[in-house]
Amino acid sequence: MSKYLVFKFIAIGIVELVLLVALSMVDNLVSARKAYRDVALRSIADGAAGPQQLNGPVWVLPYRWQSVSPPDETGKRETKWVDGELHVLPEKLIVNGQLHTFARKRDIYQALLYNADLRISGSFKLPANGGLSPDAAVEWGLPYLAVGLSDMRGIKQSPSALWGEDKLVVAFQPGTRLKSMEQGMHALLPSYDGKAATVDFDFHLNVGGMDQFSVMPLGRDTEVSLGSNWASPSFVGRFLPDDRHVGNDGFNARWRTSWFATNLNEQFDRCFSGSCDTFNGNALSVRMIDPVDVYAQTDRAVKYGFLFISLTFATFFLTEVMRRIAIHPIQYGLVGLSLAIFFLLLLSLAEQLPFYVAYLSAAVACVVQNLFYGSYALGGRKAGLAYGSLLATLYGVLYLLLCVEDFALLCGSILLFALLTVAMVLTRKVDWYQLTGSSDAAG
């Protein structure tokens, strides 16, 4: 191989390594800007309610029962009163809600907040004598309704509930009075008479939050229906909606579940002993996600940067071979630097504009710049136009790869195969021995 080609390959390799460092710096900048965004979102969350999870309601009955010990050696028995607490989960739990979303900005960043307008209804099946032995000596305390909520700052108005057949209005007060629910509220209920009964409940709750809303399906049978004006929901958790509709005007989703699927009645009891991880994993949740995370999209685009530069350099080299012109390594470097700066432009514009507008603006700027420079570096306007057209096609394919994340590998593989096929077709008649000055080796 001629010394010229050896020098050219080494020089191009060095230029690519330098540009790889430049791409790495852009990638680090993307991570840094994302960290700044997260700090801004946390500051918004500090001044507003965070993700909300509704736990409950739970019917709670404090009581005291008389414990009598077995007789000792003298036949005496020790009698003492022991405090206890009965927790009854709903027999039927129905949650209907509308989540109205709105944006709140901090500098150039914005967070998605919501107001959840909820109606929570259902019934409790209260056991006779609190589920204790009919012969037990018991003193009943005053029962109350406990409702857990992740962030009480989201409640703007004091709620109240309708209880029983008489629709008795009971007002909620701060605090759940339950160890397993750190935040929430409770409402004092009428005295318990020890008789078995089925009691209905119904209340409205308006709560603000951010990013995610969840409902713990505590009912023996639970139905949750949620709707929103946000068109990009992400349904998370162990249980996905049975029915859902997502359109440009928002979404509607409906869950149905029972204790046969969740075993929440036992998990709720275990949670009082401190083991709540399994219990918390059963929430029915929806996240209002940003359909275009500019930092995630830009980071994915940067991952293709080295491939972009390599394909461009390959195009330059093939042009040298086909047109028999000389392109200096500095010209390779300038073109490669232009491609690297594209990703910096994309990041800075995407923070201010919709991502597709930012991408189009950065791509057009770089294509025009390279088309102008390529007309001189490649020895003619036609060659420059061909190179500009190829670069525009590459930017279009990259945008396609960013949009079809699930098929990115397939599309990328097809692209590389197609480009290799084109290169093989274009160079099928090239005498590489003559090109490298090693024609003697062919004989």
Indicate yes or no: at least one non-hydrogen side-chain atom of Tyr295 is less than 4.5 angstrom from one of Leu347. yes
Can you measure from CD (Gln173) to OG (Ser160) and round to the nearest 0.5 angstrom? 12.0 Å
Test side-chain contact (heavy atoms from CB on, under 4.5 Å) on Val15 and Ile309 and set out the steps. CA-CA 10 Å; Val15 171; Ile309 293 172; over 6 Å; no
Pair Asn229-Thr101, side-chain donor/acceptor within less than 3.5 Å: yes
Ring center gap for Tyr359 and Phe342 short of 6.0 angstrom: yes
Take atom CG of Leu188 as the centre, draw a 6.0 Å sphere, and report whether it contains more than 12 heavy atoms from other residues, nucleotides or ligands. yes
What one should report as the nearest heavy-atom pair of Asn129 and Trp140 is O-CH2, 3.3 Å
Check against side-chain contact (heavy atoms from CB on, under 4.5 Å), Val286 and Phe251: CA-CA 11 Å; Val286 59; Phe251 74 87; 3.8 Å; yes
Residue pair Leu189 / Trp59, side-chain heavy-atom distance below 4.5 Å: yes
Using atom types as modelled and distance alone, determine if a side-chain donor or acceptor of Tyr114 lies under 3.5 Å from a backbone N or O of Gln212. yes
If you count heavy atoms of other groups shown closer than 6.0 angstrom to CZ of Arg177, is the number above 12? yes
In this structure, are over 12 heavy atoms from other groups packed under 6.0 Å from Phe372 atom CZ? no
Examine distances only and state if a side-chain atom of Trp163 and a backbone atom of Val170 form a donor-acceptor pair shorter than 3.5 Å. no
Do the ring planes of Phe201 and Phe124 sit parallel (below 30°), tilted (30 to 60°) or perpendicular (above 60°)? tilted
Is the shortest heavy-atom distance from the side chain of Glu85 to the side chain of Leu178 under 4.5 Å? yes
Sub-4.5 Å side-chain heavy-atom contact between Pro241 and Arg254: no
Would you say Leu334 and Ser338 make side-chain contact, with heavy atoms under 4.5 Å? no
Shortest non-hydrogen contact from Ser123 to Thr198? CB-CG2, 4.2 Å
Which side-chain N or O atoms in residues 88-96 pair as donor and acceptor under 3.5 Å with protein atoms at least two apart or in another chain?
residue	atom	partner	partner atom	Å
Glu91	OE1	Arg220	NE	3.3
Glu91	OE2	Arg220	NE	3.1
Lys92	NZ	Glu223	OE2	3.4

CG (Asp166) with more than 12 external heavy atoms under 6.0 Å: no
Separation between CD of Gln98 and CG of Asn252, rounded to the nearest 0.5 Å: 6.5 Å
Working to the nearest 0.5 angstrom, can you tell me the gap between Cys366 SG and Leu371 CG? 12.5 Å
Counting C-beta onward and ignoring hydrogens, is there a side-chain heavy-atom pair between Asp151 and Gln52 closer than 4.5 Å? yes
Please confirm whether the backbone N or O of Thr222 pairs with a side-chain atom of Thr257, one donor and one acceptor, at under 3.5 Å? no
Show the nearest heavy-atom pair for residues Val26 and Val302, with the distance to one decimal. CG1-CG2, 4.1 Å
Looking at side-chain heavy atoms only, is the closest gap between Asn282 and Arg238 below 4.5 Å? yes
Got a second to check how far Phe235's CZ is from Leu284's CG, nearest 0.5 Å? 11.5 Å
Heavy-atom closest pair (Trp259 atom, Gly219 atom, distance to 0.1 Å) is NE1-O, 3.1 Å
To the nearest 0.5 Å, what is the distance between CG on Asp27 and CG on Leu20? 10.5 Å
Does the ring-ring contact (aromatic ring centres under 6.0 Å, His included) test come out yes or no for Phe172 and Phe203, once each step is laid out? CA-CA 10 Å; Phe172 283 101; Phe203 63 95; 5.2 Å; yes
Interatomic distance, CE@Met185 vs CD1@Ile155, rounded to 0.5 Å, equals 4.5 Å
Search all heavy atoms of Asn115 against all heavy atoms of Gly208 and return the closest pair with its distance. OD1-CA, 3.6 Å
What one should report as the nearest heavy-atom pair of Leu23 and Phe306 is CD1-N, 3.4 Å
Verify, without hydrogens or angle tests, whether Trp230 (side chain) and His100 (backbone) share a donor-acceptor contact under 3.5 angstrom. no
Applying side-chain contact (heavy atoms from CB on, under 4.5 Å) to Val169 and Leu162, what does each step give before you reach the verdict? CA-CA 5 Å; Val169 179; Leu162 300 178; 3.6 Å; yes
Test side-chain contact (heavy atoms from CB on, under 4.5 Å) on Asp200 and Glu165; report intermediate values, then the result. CA-CA 7 Å; Asp200 296 331; Glu165 293 182 358; 5.8 Å; no
Quick one, Pro127 and Leu86 - any side-chain contact, counting heavy atoms below 4.5 Å? yes
May I ask you to decide whether Arg256 forms a salt bridge with Asp243, counting only side-chain N to carboxylate O separations under 4.0 Å? yes
